Amino acid sequence: MGRGALVHPRRLIMPLALVDGNNFYVSCERVFNPKLEGKPVVVLSNNDGCAVARSAEVKALGVKMGEPWFKMRDLAKQHGILALSSNYALYADMSNRMMTVLSQFSPDQEVYSIDECFLGLDGFQHLDLVEYGQAMRQRVRQWVGIPVCVGIAETKTLAKLANHCAKKSHAGKDGVCDLTRLTETELSQLFSKIGIREIWGVGPRLTEQLVGRGIATVADLRKSDAKTLRREFSVVLERTIAELNGIPCMDLEEVVPNKQQIMSSRSFGQYVYDLAPLQEAVASYIAIAAEKLRSQGSVAGMVQVYVRTNPHKADAPQYQRGLTVPLTEASDDTLLLTRAALWGLKKLYRPGYAYQKAGVALLNLSAAGAPQMDLFSTAKDNTRVMAVMDRINGMWGRGTLHSAAEGVNRDWRMKREKVSPGYTTRWDQLPLVT
């Protein structure tokens with residue numbers, strides 16, 4: 001695929017938009033706590049460990065994604081950085097609201113992640129797409145409270161870059177960047193100022209390798225010989241180059257494919273030494289994974305469970321082990337999956353260790369109803385019980401109805417000392433207007 005083969009008639013483009021929530025987790029918190037506006041805010045990971053979201057004010061202070069909270073305590077005192085525990089139930093609900101609003105702007109929508117989606121704009125070319133992007137921003141802001149940026153281009157990779165430009169005010173205006181408006185000369189000038197690390201799918205290692213070959217900017221990669229780079233790297237990079245030149249290689253996925261495996265794991269809020277609390281944790285993780293399994297209409301043929309100590313505590317005895325338990329009959333029954341996981345945990349458990357983390361995975365997934373049933377199976381059919389449990393937990397919050405194996409006190413639970421209320425997911429935590 002030489003440079004001459006990448007001539008793309010821009011007047012024939014079928015544009016699409018990438019809409020992305022700005023500092024999404026922080027923005028969700030600010031919707032219900034306006035006092036956080038303009039303040040430096042970080043949202044922390046499980047057990048309040050590392051920064052997983054940073055406000056613009058925090059980014060300006062040089063705080064990197066994944067920075068441990070204990071390392072930034074002095075900086076936080078100096079600049080008044082406010083830290084919040086992650087509230088994933090709130091963020092997921094706000095994401096659903098944002099995506100519902102954005103679906104009104106196009107019949108073709110691919111929800112790519114919790115805070116971003118692609119919108120197909122084929123048939124909308126008669127509109128001023130910048131104004132259309134502004135309408136998206138204004139409606140999401142007014143109806144949901146989340147600030148977003150919009151990148152418009154003819155391919156997914158370019159739309160991602162356009163969104164980056166919208167956020168950085170490169171060729172964008174008021175949070176919207178439409179690359180389809182630019183001439184080839186204007187695109188080359190713009191892309192010569194953007195490093196290849198900003199390209200979708202180009203990670204740190206590939207960036208280092210490409211820079212070593214003299215390919216440092218988006219403009220450099222656009223005019224590179226795709227066939228040569230494919231031989232040295234991968235077909236994915238060849239497709240990226242094509243997309244950078246306006247040739248679509250990735251279609252919109254309007255139906256999200258089912259996951260091939262479902263995992264659930266957490267680090268404990270304090271070290272766990274005994275089998276009983278480990279069993280409670282594993283049962284709790286199975287319940288979360290099984291609910292996701294049923295929501296996508298699948299059943300699991302195998303259950304994997306693992307435990308480990310803290311690998312960063314070199315002076316303590318180390319132990320890490322996992323075990324996969326095959327099921328005689330694929331199932332989505334929380335109770336049956338729990339029994340299998342706890343059986344595996346008993347095989348794994350060794351006394352005398354300070355366990356820091358446990359996790360489960362549901363493997364060998366297939367469509368519910370598709371697997372061959374066991375003629376001699378004596379397992380109870382709990383389909384209706386699971387449906388009732390999912391409905392109650394969906395209405396009143398996860399864990400409202402759960403198996404006894406999950407325990408009551410759950411002292412092993414992760415730390416969330418700075419978590420905000422479940423403003424949109426808990427009746428008892430609704431915001432009050434006084």
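Only a predicted model underlies this, so the values are computations on that prediction, with no experimental measurement involved.
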- With no hydrogens and no angle check, is any side-chain donor or acceptor of Arg137 less than 3.5 Å from a backbone partner on Val176? no

- Item | Minimum side-chain heavy-atom gap Thr157-Arg239 below 4.5 Å | no

- Measure from the side-chain N and O atoms of Glu37 to the backbone N and O of Pro34, and report whether any donor-acceptor pair falls under 3.5 Å. no

- Query: So, do Leu179 and Ile152 sit near enough that their side-chain heavy atoms are less than 4.5 Å apart?
  - Reply: no

- Do Cys165 and Ile194 touch side chain to side chain, with heavy atoms closer than 4.5 Å? yes

- Task: Kindly compute the distance separating CE (Met136) from CD (Gln104), expressed to the nearest 0.5 Å.
- Result: 11.5 Å

- Query: Quick check: does any side chain N or O of Asp115 sit under 3.5 Å from a backbone N or O of Asp20, one acting as donor and the other as acceptor?
  - Reply: no

- Message: Taking the ring of Phe268 and the ring of Tyr355, is the distance between their centroids below 6.0 Å?
- Response: no

- Item | Rounded distance [0.5 Å steps], CG in Leu84 versus CZ in Arg30 | 10.0 Å

- Item | Closest contact, heavy atoms only, Pro15 versus Thr180 | CB-CG2, 4.4 Å

- Closest heavy-atom pair and its distance - Met99, Ile114: CE-O, 3.7 Å

- Are side-chain heavy atoms of Lys160 and Glu116 found at a separation under 4.5 Å? yes

- Under 3.5 Å: donor-acceptor pair, side chain of Asp225, backbone of Thr228: yes

- How long is the span from the CD atom in Glu154 to the CD1 atom in Ile247, to the nearest 0.5 Å? 10.0 Å

- Answer yes or no: is there a side-chain heavy-atom contact under 4.5 Å between Val325 and Lys347? no

- Which heavy-atom pair separates Leu362 from Ala290 by the least distance, and what is that distance? CD1-N, 4.0 Å

- Taking the side chain from Ser95 and the backbone from Tyr91, do they hold a donor-acceptor pair closer than 3.5 Å? no

- Query: Under 3.5 Å, is there a donor-acceptor pair between the side chain of Glu67 and the main chain of Met72?
  - Reply: no

- Output for pair (Asp178 CG, Leu129 CG), nearest 0.5 Å, gives 5.5 Å

- Query: Are the side chain of Ser86 and the backbone of Leu44 linked by a donor-acceptor contact shorter than 3.5 Å?
  - Reply: yes

- Distance (rounded to the nearest 0.5 Å) between Ser264 OG and Ile288 CD1: 4.0 Å

- Item | Trace of the side-chain contact (heavy atoms from CB on, under 4.5 Å) decision for Gln304 with Met263 | CA-CA 9 Å; Gln304 186 180 76; Met263 304 180 67; 5.5 Å; no

- Taking the side chain as C-beta and beyond, is there a heavy-atom pair between Gln356 and Lys313 under 4.5 Å? no

- Message: Please tell me whether Tyr423 and Asn87 have a donor and an acceptor in their side chains that are separated by less than 3.5 angstrom.
- Response: no

- Query: How close do Thr155 and Glu243 get, heavy atom to heavy atom, and via which atoms?
  - Reply: OG1-O, 2.9 Å

- Given side-chain contact (heavy atoms from CB on, under 4.5 Å), test Arg294 with Thr334 step by step and report yes or no. CA-CA 10 Å; Arg294 291 190 292 273; Thr334 297; 2.9 Å; yes

- Flag the pair Leu161 / Phe191 as yes when at least one side-chain heavy-atom distance between them is below 4.5 Å, and no otherwise. yes

- Hey, does the side chain of Ser265 reach the backbone of Gly359 with a donor-acceptor pair shorter than 3.5 angstrom? no

- Message: Counting only heavy atoms from other residues, nucleotides and ligands, does the tally under 6.0 Å from CD of Glu208 exceed 12?
- Response: no

- Does the side-chain contact (heavy atoms from CB on, under 4.5 Å) test come out yes or no for Leu210 and Leu237, once each step is laid out? CA-CA 11 Å; Leu210 291 175; Leu237 185 57; 4.2 Å; yes

- Item | Distance-only side-chain donor-acceptor flag, Ser106 / Gln109, under 3.5 Å | no

- Closest approach of Met94 to Cys28 (non-hydrogen atoms, all atoms of both residues): CB-SG, 3.6 Å

- Query: Does the side chain of Asp48 come under 3.5 Å of the side chain of Ser85 through a donor N or O and an acceptor N or O?
  - Reply: yes

- Residues Lys39 and Glu29 bridged, charged N to O under 4.0 Å: no

- Message: I'd like to check Leu90 versus Tyr25 (side-chain heavy atoms, cut-off strictly below 4.5 Å). Are they in contact?
- Response: no

- For Ile215 and Ile196 the tightest heavy-atom approach is O-CD1, 3.2 Å

- Lys71 NZ: over 12 foreign heavy atoms closer than 6.0 Å: no

- Item | Full working for side-chain contact (heavy atoms from CB on, under 4.5 Å) between Leu244 and Val218 | CA-CA 8 Å; Leu244 289 175; Val218 176; 4.1 Å; yes

- Message: Using only atom types and a distance under 3.5 Å, with no angle test, would you say the side chain of Asp332 pairs donor to acceptor with the backbone of Gly297?
- Response: no

- Task: Measure the spacing between OH of Tyr271 and CG of Asn310 and express it to the nearest 0.5 Å.
- Result: 4.0 Å

- Message: Assess, by modelled atom type and distance only, whether the side chains of Tyr353 and Gln318 contain a donor and an acceptor separated by less than 3.5 Å.
- Response: no

- May I ask you to decide if Val202's main-chain N or O and Arg205's side chain share a donor-acceptor pair within less than 3.5 Å? no

